[in-house]
Amino acid sequence: MGKIKVVHYVNQFFAGIGGEEKADQVAFKQDGTMPIGAQLEKGMQAINPDVEFVGTIVCGDSYFNENLEKAKADILEMVKSYEPDLFIAGPAFNAGRYGVACGTITTEVQEQLGIPVLTGMYKENPGADMYKTKVYIVPTKDSAAGARDAIKKMAPLGVKLATGQEILASCIDNYMPNGIRKNFFETKRGSERAVEMMIKKLAGKEFVTEFPMPDFDRVDPNPAVKDMSKARIALVTSGGVVPKGNPDRIESSSASKYGEYSIAEFDDLTEATHETAHGGYDPVYCNQDSDRVLPVDVLREMEKAGRIGKLHEYFYTTTGNGTAVLNSVAFAKEFSQKLVAAGVDAVVLTST
Amino acid sequence: MNLKLELGYIKISDIQFSNESKVENGVLYVNPEDIINLVKEDENIASCAVDIARPGESIRITPVKDVIEPRVKVEGPGEIFPGVIGKVNRVGEGRTHVLKGAAVVTTGRIVGFQEGIIDMVGEGAKYTPFSQTLNLVLTMEPVDGLRPHEHEKALRFAGLKTAVFLGELGRNVEPDEIETFETLNVKEGIEKYPDLPRVAYVQMLQSQGLMHDTYVYGVDAKRTLSTIIMPTEIMDGAILSGNCVSSTDKNTTYHHLNNPVIHDLFKAHGKTLNFAGMIITNENVYLADKERSSDWASKLCQYLGVDGAIVSQEGFGNPDTDLIMNAKKIETVGVKTVIITDEYAGRDGRSQSLADADPLANAVVTGGNANMVIHLPKLDKVIGHINFVDTIAGGFDGSLHEDGTIECEVQIITGATNELGFSKLSAR
Amino acid sequence: MVKEIERAGIPVVHICTVTPISMTVGANRIVPAIAIPHPLGNPALSMEEEKVIRRKIVETSLQALETEVDKQTIFEVKY
């Protein structure tokens with residue numbers, strides 16, 4: 001196997017040019033390594049002797065952030081010129097602008113050049129929250145005194161990335177949790193970990209949750225329906241109502257597809273016509289009478305009575321049970337466009 | 001008087017068919033006729049086949065209904081599975097013998113979608129604890145026209161009766177090892193360990209419906225209010241599974257009998273903490289029930305005056321809300337929580353793992369992402385019915401390949417992401 | 001799902017039993033349902049009685065869609 005080429009990005013300080021007074025340093029490249037790069041190179045070579053740091057790119061933190069577009073474009077060209085297998089920036093420790101620069105430029109290189117990238121910084125560095133879901137960031141101590149520790153973690157991950165090995169869970173390969181959940185086997189069973197976490201929590205010691213609670217985003221409500229008697233109302237359900245026999249074999253759990261079915265010919269859903277594909281709750285009640293989940297009977301009456309304008313011909317259905325949120329998001333995006341195109345004014349969504 | 005239970009472990013090294021059912025020199029000998037006669041006492045069961053599946057054998061068992069460990073009460077009041085197989089009588093004291101290493105597994109054409117796979121070898125074996133047990137497998141088919149809930153009940157009872165029958169074979173066998181569990185009353189516990197933090201265990205029981213039920217002393221858990229139970233009662237079968245839901249994170253009866261949270265709290269008891277008591281609460285389908293049950297669970301924690309509570313979930317989806325309500329309300333009364341759950345983060349791991357969330361639930365142990373895709377090899381022998389693989393939870397259209405291999409989500413495996421923390425699978 | 005429908009510009013009412021989940025995931029118009037296995041029915045009642053309840057839930061949902069809201073709102077059904 002040939003050389004594994006690495007390009008390294010550092011700021012003016014780690015290039016030995018100077019501190020804050022030299023932060024307006026324009027980006028330049030230089031073959032070979034700077035001191036911290038040399039340590040990183042040594043760390044990686046200890047794992048894989050083919051690693052070679054072919055070039056270093058230096059840029060002042062103020063310059064980068066104040067001339068963002070130009071700096072990004074120039075640095076991309078410099079990286080490209082080396083045709084590297086991996087691009088590493090930092091570690092930035094707790095230097096805020098340096099951290100943001102490392103996050104920005106690694107993201108840019110990954111997206112524009114398709115090269116694996118790696119950076120490192122302190123968890124409270126503003127660059128960490130901004131970029132940890134985009135690129136692999138190794139958590140480091142808050143100052144350069146933690147360089148040895150940072151290199152110990154960055155070197156193995158760098159080698160893995162450069163050689164295309166599978167990246168394991170964040171706690172094994174030492175990167176900041178990036179929102180992609182990966183399974184692995186712990187050394188202790190869950191109950192024992194729970195007891196240990198409890199003892200730490202009670203003692204007021206630091207403990208690490210295995211799953212940090214997420215933030216959910218919000219969407220502003222749409223305006224109300226002005227004239228319901230003229231409105232076209234569509235039914236959508238995550239309760240898995242399907243025509244009898246589940247013709248598209250929608251999965252009972254973890255659905256990989258949604259159903260689109262006509263209800264034009266139905267005034268009432270019955271045991272003979274519809275059932276549920278849902279595995280997550282007792283299916284008996286829905287199988288007996290699917291109106292209990294998808295109220296076609298009542299809406300049909302309301303349509304006849306003029307309470308609503310029209311019950312839309314098609315309903316959309318999936319099983320909410322164990323179905324990945326992003327899957328249901330993708331389904332809903334797709335059928336929402338169909339609903340918009342069909343002139344639907346409002347949706348009644350039922351869940352089980 | 002304190003509650004003290006001795007578990008006498010009779011280590012089972014093999015199961016073999018024989019003319020006489022007995023335990024001898026660590027071998028469990030089973031006359032299959034004994035089991036078939038016992039099971040067919042129930043006229044709802046039309047047929048029963050008995051197989052043995054040992055660790056390392058090329059055997060796949062599916063769809064799995066329940067797994068049960070054989071136990072027998074040899075001293076003290078009550079019988080195993082009180083209120084169900086045994087009479088209603090307090091259990092959790094005296095001595096109980098355990099056929100350690102053996103298990104009864106029930107299978108057949110089973111109601112509902114959600115039953116799992118146990119592989120005795122290969123990739124799938126890594127994810128189920130029951131690839132490590134010596135399994136006596138009952139494949140049972142019901143009489144025609146049996147209603148789903150009667151079908152479920154028939155299989156549940158058949159499995160429990162078989163486990164009790166096998167357990168009985170260990171009554172007069174000298175155990176290889178004895179472990180003692182003692183629960184002090186509240187006052188004595190405080191006096192004995194004045195400086196240790198007091199920790200409760202809150203176990204959430206699946207109770208969503210006909211096929212999603214758990215029984216406590218024979219009472220359907222969905223008709224219960226949150227209450228206090230002794231941890232040693234669980235070891236005598238006070239709680240058992242009537243569950244057909246998601247095999248990955250439902251608690252089989254075996255899980256209940258060997259509840260790892262109880263065992264690990266006992267291990268730490270008197271050293272780093274004082275295991276002060278156990279509360280059970282349910283996971284019902286009505287919002288009012290969810291509110292009431294979590295109110296009561298938190299109220300009992302508050303009343304016991306514990307410093308911390310470990311909360312374990314069962315199942316997923318809307319029970320995530322029960323879990324979050326429990327965590328939030330227990331934290332709000334000043335008791336620190338650690339919760340045990342599992343995740344449904346999508347096959348690529350990028351989705352929201354839980355259906356509900358709250359910042360107060362800041363200490364979480366996870367049994368891993370149930371959506372992760374795994375590949376199972378073809379195995380030589382299938383016990384049960386392979387043709388359900390595409391439709392049980394974790395399977396999908398085309399999961400079962402023509403060559404006998406299976407591509408599926410890990411949630412298809414019995415016990416893979418167990419939320420009692422029974423296994424080592426986790427995720428970050 | 002509810003957010004994607006809203007994002008597409010269509011007002012949506014979410015009928016669900018576990019309203020806290022609906023709040024957490026971010027539905028804007030929420031109507032409480034009966035129970036998870038039968039959100040718009042109750043097998044303990046006769047079919048006629050069930051339909052009365054179902055009609056009330058659906059009517060409340062339509063009223064929710066006719067009501068301007070500026071934040072997440074739960075519309076209680078009057079039984």
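In the text below, chain A, chain B and the rest are named by the order of the sequence lines, each starting its count at 1.
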Proximal component of C:Gln72, with respect to chain A [non-hydrogen, under 4.5 Å]: side chain
Any side-chain heavy-atom pair from C:Met47 and A:Asp289 closer than 4.5 angstrom? yes
A:Pro221 to C:Lys71 - nearest heavy-atom pair and separation: CG-N, 4.4 Å
Are side-chain heavy atoms of C:Pro39 and A:Val293 found at a separation under 4.5 Å? yes
Donor-acceptor pair, side chain of C:Glu68 and main chain of A:Ala224, under 3.5 angstrom: yes
Would you mind telling me which of A:Leu339, A:Asp345, A:Val236 has the largest number of heavy-atom pairs within less than 4.5 Å of chain C? A:Asp345
Report yes or no: does C:Asn28 contribute a side-chain atom to a donor-acceptor pair with the main-chain N or O of A:Val219 at less than 3.5 Å? yes
What heavy-atom pair brings A:Ser351 and C:His14 nearest, and what distance separates the two atoms? OG-NE2, 2.7 Å
Non-hydrogen side-chain atoms of A:Glu301 and C:Arg55 separated by less than 4.5 Å: yes
Is there a side-chain contact between A:Tyr316 and C:Met1, using heavy atoms and a 4.5 Å cut-off? no
For A:Asp291 versus C:Arg54, what's the shortest heavy-atom pair and its separation? O-CD, 3.2 Å
Non-hydrogen side-chain atoms of C:Val13 and A:Val347 separated by less than 4.5 Å: no
By salt bridge (Lys or Arg N to Asp or Glu O under 4.0 Å) - contacts of A:Glu186 (at least two apart): A:Arg193, B:Arg428
Chain C contacts, top residue of A:Gln288, A:Lys333, A:Arg307 (heavy-atom pairs, under 4.5 Å): A:Arg307
Quick one: closest heavy-atom pair of C:Ala8 and A:Gln337, and the distance? CB-NE2, 4.1 Å
Do the side chains of A:Thr350 and C:Leu40 get nearer than 4.5 Å, heavy atoms only? yes
Minimum-distance pair of heavy atoms, taken over all atoms of A:Arg218 and C:Gly26: NH1-CA, 3.4 Å
Nearest heavy-atom approach of A:Leu299 to C:Val58 is CD2-CG1, 3.7 Å
Any side-chain heavy-atom pair of C:Asn42 and A:Tyr285 under 4.5 Å: no
Looking at A:Asp297, A:Val298, A:Thr237, A:Asn222, which makes the most heavy-atom pairs under 4.5 Å with chain C? A:Asn222
